Student: 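What follows is a structure written as structure tokens; I'll ask about it next.
The structure displayed is predicted, hence computed values, not measured ones. Letters A, B, ... are given to chains in the order of the sequence lines, protein chains preceding strands, and every chain is numbered from 1.
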Amino acid sequence: MSDAYDVQEVEARWQRRWEEEGTYQVDLDDPRPASYVLCMYPYPSGAAHQGHVRNYTFGDVLVRYRTMKGEAVLSPFGFDSFGLPAENAAIKGGSHPREYTEARIAELKASIRRLGAVYDWRREIRSHDPEYMRWNQVIFLELLKAGLAYRAEAPVNWCPGCQTVLANEQVLSDGTCERSGDVVERRNLKQWFFRITRYAEELVDALDGLDWPERVKTMQRNWIGRSEGAQFRMQVLEQPELHIDVFTTRPDTGFGMTYAVLAPEHPLVERLTTDDRRTAVNQILDQARHSSDIERLSSEGLLEKRGAFTGSHCINPFTGQPVPLYVADYVLGSYGTGAIMAVPAEDQRDYDFAKAYGLPVVRTVQPPDGFSDDAAFTGDGPHINSGFLDGLKTAEAKERAVQFLEEKEIGHRTINYRLRDWLISRQRYWGCPIPVIHCPIDGIVPVPASELPVLLPEDVDFLPTGESPLKNHEGFLNVSCPSCGGPATRETDTMDTFVDSSWYFLRFTDPFSQSAPVNLAAARRYMPVDQYIGGITHAILHLLYSRFFTRALADVGLGPAEVREPFSQLFCQGMIRLDGRAMSKSRGNIIPPGDYFDSLGADALRLFHLFAGPAVDDLDWNDQTNEIIEGCSRYLGRVWRLCTGEVVALADKGEAGGPLALRRAVHQAIARVSNAIERYAYNKAVADLMSLTNSIYDHVHAGTDEEIVDEAIKVLLELLAPMAPHLAAEAFERRYGEHVHTRAWPSADPTYLVVDEVTMVVQVNGKVRDRISVPPDISEEEATLRALSSEKVSALLGGSKPRRVISRAPNLVNIVA
RNA sequence: GCCCGGAUGGCGGAAUGGUAGACGCGGCGGCCUCAAAAGCCGCUGUCCGAGAGGGCGUGCGGGUUCGACUCCCGCUCCGGGCACCA
């Protein structure tokens, strides 16, 4: 075995073998313990880029590692194949979205295969496959039946660029579309929603138990936006039969309410506005209606022009005094009750507004000495001017205030969420049709199960009209009502593609099931996903929707009842940056891996991604990158030459420490590499493999016993197998005649982790002054004696007695002079 | 404004409160060669010193400790998230 390593031939051959031999195929009756490793399925945008390579390499290491650990690892792959780009390409170039998408899938799949990442391809899922669409539609109808899907008119986010509505989650905080960057407009439209808000509490509470990156959990918590407070009723002074409800998180500051504010959308605005105030109020309503969300939410602009007195008052239940009712755009109709009690002394927005309108400010919490006179104080402190709350701190005052409201039977404790229902309607072609029929007699009628899936018509024209081609397709549109048989029309909205990705991981457990979207037995075996891997970009959207779906499916009986969380462990790998910016197809700054596959091979590129830095960190692709990839390739060459026997003893090379030292190095490497993989510290795992390789070289050069060297090489290849799978497999098979990937992961023998000598550091006043070789079980006293007898130490001490000696045998002795 | 995260050689990065800089990239030197490439061996934080050796060093300022990259307090800069959500 001394021939050169033919990267292309070897890599292609092993890729074929893993597929043909079904090395990574698992089935329900597999006796090994099941586990599930999943990388987020990609939108098929064509040939892979380095982001894919990084992502799938990390996943592949785990699949191969856990397989060697004896688990039956479910490792499926699929494509999130519905979506706007295909349709836009169709409008531009004339190709059908299906052809376009399937061509991109073929490209991506080919480059993923060349990476040597292993999947059970029998299970491949593509969102646009009729089978998958059928189950998507079945799920939709079940959710509809359960009241978790509904249609409602609502002010929605309309993106003029995408010509469709967007979910709240798809609008960036600056009011632009996350896809096209266009400024999103508000429109009132009848749309389909999923009732994710029903799960708000559970979704936020369950975050605590998840082994997810803290920042992802924080982002979800922020997004769900739970706030505890109270809701209460206030009577209108001028029209006692009317009352307004407000929500507040600070019921304790009720005595400081000097006015109240209604959102422009509030249903009572009309009735509460007096004739003399109508012009001013209407101006605010008009302004709010015509403002985009960005303008509305911006703090720019004069407050004087953003609110108006209605002419009515309501009674502050705490003081019994009337306070003026305003309308202002800073209060949103869609949150809480659409009305607030305004406490300028303890809320900065209320404070600014009060100043602008000359409204009184009454402090009800005593600010600390030196606190500015010209600001709201939102901190804790003793209550003042607050009747029965005087002297109490915030927490207790809140309790008492709520008690007061409950006793008066005008209010109660409540929790509000920022989360809104998920808008899933899209006015586009390339998505899964919403399977309902609109009948003039029977209203909304579900498409009968026997007629599912509702497929997309193929013969459509893609014109840049901004309208869904489905709207004008007579054959698709016109149907007879399944209920009364009369003429009816099909729903032309398609589902948000995030619907597709919200349950594909459940389908993967048995994608062959003909009877249900999710095979409960299979889902029970594999779910939840043990290790989910993907980008932080999905921290909210995909991951929140998936958590919702998993619960919703469980509750309607389509998923295992006990599986409520889809992903028990989440890992978010860092992005790849080029010239300081995220590498992405849409930015046109991708580095395709193809050239590297052709020249240095997949193993070298994989090793680079693993070694370049911590997996969670962003990676800069720069001038140095190619040199490091070459370095990785060079390292693989070193391993290969070791295996082929090209490395021989050198006459002039001294001792390497003998066989025991090598064996120790081996077992230390096993322990370190295993630990590093478990912690996603792949860069360390590779570094440790390199160290081991260097040690083996030293021992071969020094002429260490061949049997021990052989044993070391064997372990080296086993440890290398998850990371550079092709080379490890080839070298192992040639040298040992076995398939390394079906072998058991080596375990470290503790007896070899113990050494018979360690280097003890001797410090004087915390500075390293000497290093002494000592036995590892040396006593503290003996260590101290040895340290004090060091010549370097006595020279420094100059005969004087040390004041103190700290002995941390066998690692260190610190002498305080 | 609030909440996270980060800052270590020329570069990417290692370090359960106990030898800072593992491993690699780059650089320098040597071996091999007619020569080169490849490969192999060695050196490589910085300053002073011929050397032995010593001083200084983990963004800045304090603190705790025998001992701090690591823990605490206060900053600076960079990255990310949230932000009229009552």
Student: Indicate, yes or no, whether a donor-acceptor pair under 3.5 Å links the base of B/C82 to the side chain of A/Asn222.
Tutor: no
Student: Which of these nucleotides, B/G39, B/C84, B/C23, is closest to any side-chain atom of A/Asn694?
Tutor: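 The nucleotide sitting nearest to the side chain is B/C23.
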Student: Check for a donor-acceptor pair, side chain of A/Asp421 on one end and backbone N or O of A/Ile196 on the other, with a separation under 3.5 Å.
Tutor: yes
Student: Taking only the side-chain heavy atoms of A/Val768 (C-beta and beyond), determine which of B/C66, B/A20, B/G39 contains the nearest atom.
Tutor: B/A20
Student: Taking the side chain of A/Val761 as its heavy atoms from C-beta onward, which of B/A86, B/U19, B/C66 lies nearest to it?
Tutor: B/U19
Student: So, is A/Arg634 near the phosphate of B/G26, with a side-chain N or O under 4.0 Å from OP1 or OP2?
Tutor: yes
Student: Nearest of B/C40, B/G10, B/A15 to any side-chain atom of A/Gln624?
Tutor: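 The nucleotide sitting nearest to the side chain is B/G10.
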Student: Assign B/G9 to syn or anti; the rule is syn for a glycosidic angle within 90° of 0 and anti otherwise.
Tutor: syn
Student: Any protein N or O atoms within reach of nucleotides 54-59 of chain B? Criterion: under 3.5 Å, listing atom names and distances.
Tutor:
from  : atom 1 : to       : atom 2 : distance (Å)
B/G55 : OP1    : A/Arg769 : NH2    : 3.3
B/C56 : OP2    : A/Lys767 : NZ     : 3.3

Student: Check whether any side-chain nitrogen or oxygen of A/Asn765 sits under 4.0 Å from OP1 or OP2 of B/C66, and answer yes or no.
Tutor: no
Student: Is the distance from the ring center of A/Phe608 to that of A/Trp621 below 6.0 Å?
Tutor: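 They qualify: ring centres under 6.0 Å apart.
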Student: Should the pair A/Phe353 and A/Tyr330 be assigned to parallel (<30°), tilted (30 to 60°) or perpendicular (>60°) ring geometry?
Tutor: tilted
Student: Does A/Arg215 have a side-chain nitrogen or oxygen under 4.0 Å from the phosphate oxygens OP1 or OP2 of B/C82?
Tutor: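 So the side chain of A/Arg215 is outside the cut-off, no N or O lying under 4.0 Å from OP1 or OP2 of B/C82.
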Student: Consider side-chain contact (heavy atoms from CB on, under 4.5 Å). Of A/Arg221, A/Met219, A/Arg215, A/Gln220, which one does A/Lys217 pass it with?
Tutor: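 Among A/Arg221, A/Met219, A/Arg215, A/Gln220, the one that satisfies the side-chain contact (heavy atoms from CB on, under 4.5 Å) with A/Lys217 is A/Arg221.
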Student: Please state whether the base of B/G18 and the side chain of A/Arg808 form at least one donor-acceptor pair under 3.5 Å?
Tutor: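 When only heavy-atom distances are counted, A/Arg808 does reach the base of B/G18 through a donor-acceptor pair under 3.5 Å.
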Student: Taking both distances under 3.5 Å as the test for a Watson-Crick or G-U pair, what stems of at least three pairs does RNA chain B have?
Tutor: B:1-7 with B:76-82, B:10-12 with B:23-25, B:26-31 with B:39-44, B:45-48 with B:53-56, B:59-63 with B:71-75
